[in-house]
Amino acid sequence: MEVAEEAGEAVLAYALAAIADEGAGAGETAAALAALCDVLALSGPDLILAIPSARLAKRLPKLVAASAAGDGDGDVPLLAARAMAEACEGAPPWAARFAQHGAVEALRDRLLAVDCIELAEECLRALDTISTECPDECLKRGVAAAVLQFFDFFSTNKQKVALQIVSNIFNDYDEEDVPTVMEAVPALCNLLQSSDKTILESAISCLALVAAGASENAEHMGKLCEANAVEATMSLMGNEGWKSLSDDILTGILGLLKNLASISEKAVESLFKLDFCELFKQMVTYYSSSNRDNDKVQMLVELIYQLMLPLGASEQHAKLVTAKKNVIMAQSTYMNQLASIFSLMVQVAKCAALSSICYNCIAVISNIVELSTPDFLMELQNTVNLSSFLNFLLARKNRHIIFQALKISRTLLEKCQQFFLETFTKEGVKHSIDSIVSHEKNSSHQSKRKNNMNESCLCFDLESSSTGEVCRVESNAVMKLAEDIKKSFFSVKGSKRSPHRLGFALKSFRDFFVRLNVHATTPPTENPDSCKQLTDLSRRLLSDELPVTSTFEFVQSGSIKCLSIYLSNGAYGNTGISDGQDLLGHLSEVQSRLQKFASLALTVPNDSSANPLEILVEKLLDTLQMCYDSFPVMLSDEQSTHESMMIPLRYPETQELKSLELKFRRSQREKELRNYNDVLSVDLFSTPDAIEPVLFPEICRRTDQEHAPKNSNRENEASGSTKLDDGNRSSKLRFLYNGVILQPSTTFFESILRLMNKGQSDLLIDPSFWDEEHYITYRKRNKSKEISSESSHNIQLSHVQENLQQAWLKDPFFTALLLGKLPGDLDGSDPSYDLLFMLKLLEGLNRFSYQLLMGEQISKFAEGTLQDIDDLKVAIYPVPQHQFMSSILTNKLELQMQDSLFEGGLIPSWCVYLIETCPFLLSFDTRWKYFCLTAHRSFMTDQVNNFPDQVNNIFDQVSGHSDQVKCPPQTKKYRVSRSAILEGAVSMMTNHGPSSRIVEVEFEGEVGTGRGPTFEFYTTVSHELQRAGLGMWRGDNCEDGFIHASFGLFPKPWSPSGTPGIDFSNVLQKFKLLGHLVVRAVLDGRILDIPLSKAFYKIMLEQELDMYDIPSFDPELGKTLIEFQALVNKKKFLETSSTTSKHTAVLSYKNVKLEDLCLDFTLPGSPEYELIPGGSQKMVTLDSLEEYVYLVVDATLKSGIAKQIEAFKSGINEVFALKTLKMFTEEEMERILCGEQDSWALKNLEDHMEFEHGYDMSSPSIITFLEILREFGREEQRAFIQFTTGAPQLPLGGLALLEPKLTVVRKQGDGNVDDELPSVNTCRHFIKLPPYSSKEIMREKLKYAITEGLGSFHLS
């Protein structure tokens, strides 16, 4: 080693001496330079830095420039440049030494001379390091323009080096250097046409740096515009090109355009000419959907804001503001473009989960309002309802948002005072401003109280001209502006007419509900006129007046609470059911009221396209917008990488969560408990309920301690026997923070955070939060008789409900109605409580609309109002489920799920509550994502103990983002035989079903492996379970073939005496297998091809079934049973209303005596199933009809299928907690299990496919292929999908979300191409398609392949 070092030093000494000799010949100098390059390449930084720098730093730049004067060999400049590059790369301080002696000029001139491309590339290499160390020197010498001069001559790698040099130079340059910078702009704009994404991204980044450095100089920004920077970047985004750009490129473009628009009216004019507003609408609509990308929405809104800075926003920019205004006002089309985005801005602001996005949208709206004419603003009020939107904003607690809303209000009043004064009164803006003034005055003395987490300023991102760190919206700015508006506009004479109209509307609402409650206590037969009047008033109020009734009027009238009180028979808002109240009578009255209301609310008037219920739900959801701050989002500094989940995560992200320091202290009034003088360090999941058992023994006195176990047991027994749990726990302690009682089931972390933020909707966690000790006060809880009283009522109600036949009377929505409150410990004083309660009732009413209306029809038939039993029909118009969805709550949950706190398990209590209690308020996609992120908590196996090898392998499956998969999924492979596939499936699921790992399948004797064969396995097994002769399903009356159930499969009731030739244990085994298949399909993202009935899905979701569910899978039997039930009810009515039984004697079924129907007590369709012992010998009579109906329903839905359902559920529960699926509807479960029913959208088929290896979208074979696919029928589509993916249905999201994407590649054959067949790779979704000579041949071969290629994995 020492010998080598000595040799190296000798070579270095020789090289340095030869290079320093100016009289040496070119050959000798070249040899010395080559030797120097070799030494530098092999030397470390210390050796390179030790080289004497004075002579070498002067000499090498001269040698680089030597041949420019014609006095040097060609190798000398090349080797000199290489030596400089080696020295700079090995020891960056050399860069400054070379730069001091003219290296930058020498290298620049060599680049511009282009004598030799190899020399030019070595110059780039040297400048790469020099530009990093000496960017100012490179900038002043014009290096940026030089490296781009002959850009196309360089290799791709060297082109990237050139752009890196430009980026180094342009980073944070001075204003005096702008002219030099601008020399490079034309070349950079030309690079925006590059097909190389890296070069495109670098060019945009450089342009963004140019714009950032010149942002204070309009003249220089104008030059950037003259170089067509706006046109070049906009061309990249046209025709939806923005969808194909990478995030970095798109972010760079938007940042560049924002900087240009912020300082240059020329850029603003260019953007209007290019119709940027239309592009803006497309992009904002796309990115704001389900909070897909909040950062992009933020940037887009900031960009549109820069097109029209607010008048008077900044005195130093008054000239620019005027110039922009002149640009906009000079062309009416420009103002029309801004007007076209107005409604979108309102919608985004209303649904934005982030306050910053909401604020930015309002700022844009404010600018448009300032530029608009009075006529246009009045038209906006009619189309967008601007006043209602402003009232929604004024209900927020963020002072920045309130201030902007007040600014808009003042501008509107200034432009058309009389018009907006009236609408402001009607929509509640006037009321809100009055409330702000009075509230601010009353609470001004409290504003000095310390708030550990101050509201973050929202002004800085938009106000680029702002200087300093002081927020533009001062603490008293809201108060001043509100007082100014009230003084200037609300004290005007002649404006008394508006309150009168409002008072009339409120009186109309109150009068309606007073009459409704009076009517509820009067039997319809006693006062039919009153009933008719009420019906007319109800329809008029709900269908005609409600749409034009403002949200404010609706809220102020107290309608929501009045309706809740009416429907709950007074239980709502009255601490539930009163003592001594007849529970059966209460239940009957609530049932009657709900049915009456349903008949009104679900009726569609002839002249209306919407039923009253739909209008009412829309009004309630609008009102829910006013409760924005009731659902705060907890935000940390880190965002999760999960975006579009395809399958549930197996494990949470492994991250070390912080702890919370709690200092517990006794309440001053508390005398019985001891003081606790220590700090408890608790995890972030700790709740008061969880901490109490730890704390209580430390603080209670001896006497309490002795009695504690006994009391605890008694209380546990009481709470354990309460089936209808109202959320009240038998706690011994109350915990308080700053005087506010904490909810027992909400974590300390969330409660403290919410109280510190004082109701703000974005709970931003300041780093100091973790360092503080948080003081928690405790006191003994007062024993209340109400709890035991409520428990008693709940127990009685649960017993009553168990004996009811109708399923809807056992549904949670009806339980909430009976008790007069929502389940859980939700704060009843929160403004959202009334709305959530009513929305839950209406959603339940809508879901059971058929049962409710049919029950009403049966009552009419029993009472004689309806004569003919054939008229026992109902026309139902339920509200589509998606219309119950709240955009604001969906977006808030989407935003919360993007935060790293959520992935770690810190989920705000309102998220959990909505998922469990009101899932209908959230979109299906959002609930599915929630399920995927939280499902690992519902696995029934102990993952860590059972699978220790997986603890460190966190699987992160993200749709469309394969680069984000952190580890490959842990899988378990299993081999099965097609000839005994059911047996193999049972064995596989028994051994590996409960595993939390993903299960994959291979078929014996076949080459396929992985995703494709696994999908084929699930498809084949689900088909085998539909074979006739298994004894599983209704309609199984033959021995061969498959069961064809037009209305879906439902379990076949199993007779106690059995079925010849079928072992019931085998039937149960197959139902358990089905349960395993279902849960594995959900967890592994597989598809089943089995048409289960809606009623079976309801069983899966643990919903009750009743007689009204039978028509969904057996319409004929269901219709007959309902008619029989109507006959039973008529018989009962006649018996109770008459002293003689003569009336009942004439009852018949469709003019036929019941005895003549020859019905016996056996199950219809299953004569071997006797409903009672000897049932085949006992005939059904009018007197025994009620018993017959009950027994048939029981056998069909309960006792006859109980063991099968138990086996099915056990198969699921062995792997996963079945109750977790209750957040989905029956239709949604079908989508999850069986995929999308619509195979593909014909118009955009090619948008979701890729074409590679010889094909592109314009290839003749591809055009023909797409034409054939569009001509396929439903069955051919299914066959094609199964051929290419292994399953006959597409997964959730359809073709658009198929991962990997469907890819068509060119198949090369050895002989005649028309003799080849298409083949596939189902795991990668590759279709290998030969370039056939005609469309007919392609269609023939394709159909043959998708038909004959099924059932094996040889054609791949």
Side-chain angles (χ1 to χ4, degrees), residues 291 349-355 357-358 388-389 391-399 401-402 405 428 432 435-436 439 453 455 551-552 554-556 560-561 564 572-573 617 619-635 727 737 740-743 745-747 749-764 816 821-841 843 884-897 899 902 907-922 926:
N291 276 44
K350 288 180 72 173
C351 299
L354 274 175
S355 294
I357 292 180
C358 179
S388 176
F389 170 63
N391 194 45
F392 154 73
L393 297 176
L394 292 172
R396 299 282 297 273
K397 296 181 180 179
N398 187 290
R399 76 172 190 275
I401 291 173
I402 296 174
S432 295
S435 298
I436 288 172
H439 179 267
M453 293 191 176
E455 180 180 287
T551 302
F552 170 69
F554 185 64
V555 173
Q556 287 296 110
I560 305 167
K561 200 160 190 176
S564 300
Y572 186 77
V617 168
K619 191 65 66 178
L620 288 167
L621 290 175
D622 282 343
T623 309
L624 192 61
Q625 298 270 8
M626 310 288 287
C627 306
Y628 185 96
D629 296 308
S630 296
F631 308 94
V633 178
M634 296 191 300
L635 297 174
Y737 178 81
V740 179
I741 296 176
L742 304 183
Q743 293 287 356
S745 60
T746 303
T747 64
F749 170 69
E750 181 184 347
S751 296
I752 294 172
L753 197 60
R754 290 185 71 162
L755 291 169
M756 290 179 77
N757 279 265
K758 292 189 176 179
Q760 290 299 320
S761 55
D762 300 339
L763 305 186
L764 304 175
K821 58 182 171 182
L822 289 166
D825 56 1
L826 198 65
D827 182 8
S829 63
D830 191 276
S832 66
Y833 190 91
D834 292 343
L835 299 169
L836 294 178
F837 181 82
M838 182 50 59
L839 282 166
K840 184 168 182 65
L841 298 193
E843 190 275 336
F884 282 90
M885 191 266 290
S886 166
S887 298
I888 185 65
L889 293 181
T890 294
N891 288 343
K892 276 179 167 278
L893 181 53
E894 284 281 352
L895 179 65
Q896 186 66 70
M897 289 190 293
D899 195 273
F902 191 95
I907 306 174
S909 55
W910 65 263
C911 301
V912 179
Y913 188 84
L914 290 182
I915 284 289
E916 293 179 352
T917 308
C918 304
F920 54 85
L921 290 172
L922 305 164
T926 299

ask   = Taking all non-hydrogen atoms of both residues, which atom of Ala405 and which atom of Leu393 are closest, and how far apart?
value = CB-CB, 3.8 Å
key: Spacing of CG belonging to Asn398 relative to SG belonging to Cys358, to within rounding of 0.5 Å   = 8.0 Å
ask   = Step by step, would you call Asn891 with Thr926 a side-chain contact (heavy atoms from CB on, under 4.5 Å)?
value = CA-CA 9 Å; Asn891 288 343; Thr926 299; over 6 Å; no
query = Any sub-3.5 Å donor-acceptor pair from Gln625's side-chain atoms to Phe392's backbone N or O?
reply = no
Exercise answer: donor-acceptor pairs, residues 908-922 side-chain atoms, under 3.5 Å, sequence neighbours excluded:
from   : atom 1 : to     : atom 2 : distance (Å)
Ser909 : OG     : Glu750 : OE1    : 3.3
Ser909 : OG     : Glu750 : OE2    : 2.9
Trp910 : NE1    : Pro632 : O      : 2.6
Tyr913 : OH     : Pro823 : O      : 2.6
Thr917 : OG1    : Tyr913 : O      : 3.2

request  = Begin from the C-alpha positions of Leu895 and Leu635 and carry the test side-chain contact (heavy atoms from CB on, under 4.5 Å) through to its verdict.
outcome  = CA-CA 9 Å; Leu895 179 65; Leu635 297 174; 4.3 Å; yes
inquiry  = Using the rule given for side-chain contact (heavy atoms from CB on, under 4.5 Å), can you reason through Met626 versus Leu835, listing the C-alpha separation, both sets of side-chain angles and the distance that settles it, and then say yes or no?
reply    = CA-CA 11 Å; Met626 310 288 287; Leu835 299 169; over 6 Å; no
query = Got Ile907 and Gln896 here, is their nearest side-chain heavy-atom distance under 4.5 Å?
reply = no
ask   = About how many Å separate CG of Leu893 and CD1 of Ile888, when rounded to the nearest 0.5 Å?
value = 12.0 Å
query = Looking only at heavy atoms, which two atoms of Leu620 and Phe554 are closest? And how far apart?
reply = CD2-CE2, 3.9 Å
query = Do Met756 and Tyr737 have side-chain heavy atoms sitting under 4.5 Å apart?
reply = yes
message = Could you tell me if the side chain of Met634 sits less than 4.5 Å from the side chain of Asp899, heavy atoms only?
response = no
ask   = Step by step, would you call Tyr833 with Lys821 a side-chain contact (heavy atoms from CB on, under 4.5 Å)?
value = CA-CA 9 Å; Tyr833 190 91; Lys821 58 182 171 182; 3.2 Å; yes
ask   = Taking C-beta and beyond as the side chain, do Tyr572 and Asp834 meet within less than 4.5 Å on heavy atoms?
value = yes
message = As an exercise, state the distance from CZ of Arg754 to CD of Gln743, rounded to the nearest 0.5 Å.
response = 9.5 Å
ask   = Judged by atom type as modelled, is there a donor-acceptor pair below 3.5 Å linking the side chain of Asp622 to the main-chain atoms of Thr551?
value = no
remark   = d(Ser432 OG, Phe552 CZ) to nearest 0.5 Å is 7.0 Å
message = If you define the side chain from C-beta out and look only at heavy atoms, does anything of Leu889 sit under 4.5 Å from Leu624?
response = yes
inquiry  = If I take atom OG from residue Ser745 and atom CG from residue Leu742, how far apart are they, to the nearest 0.5 angstrom?
reply    = 11.0 Å
task = Flag this pair as yes if the NZ/CZ of Lys350 is under 6.0 angstrom from the six-membered ring centre of Tyr628 and inside a 45 degree cone about the axis; otherwise no.
result = no
message = Quick check for you: to the nearest 0.5 Å, what is the distance between Leu836 atom CG and Ile560 atom CD1?
response = 10.5 Å
task = Identify, with sequence neighbours excluded, every residue that meets side chain to side chain donor-acceptor pair (under 3.5 Å) alongside Asp830.
result = Ser630, Ser832
Audit row: Ser355, Arg396, side-chain hydrogen bond (donor to acceptor under 3.5 Å, both in side chains) steps and yes/no = CA-CA 10 Å; Ser355 294; Arg396 299 282 297 273; 3.2 Å; yes
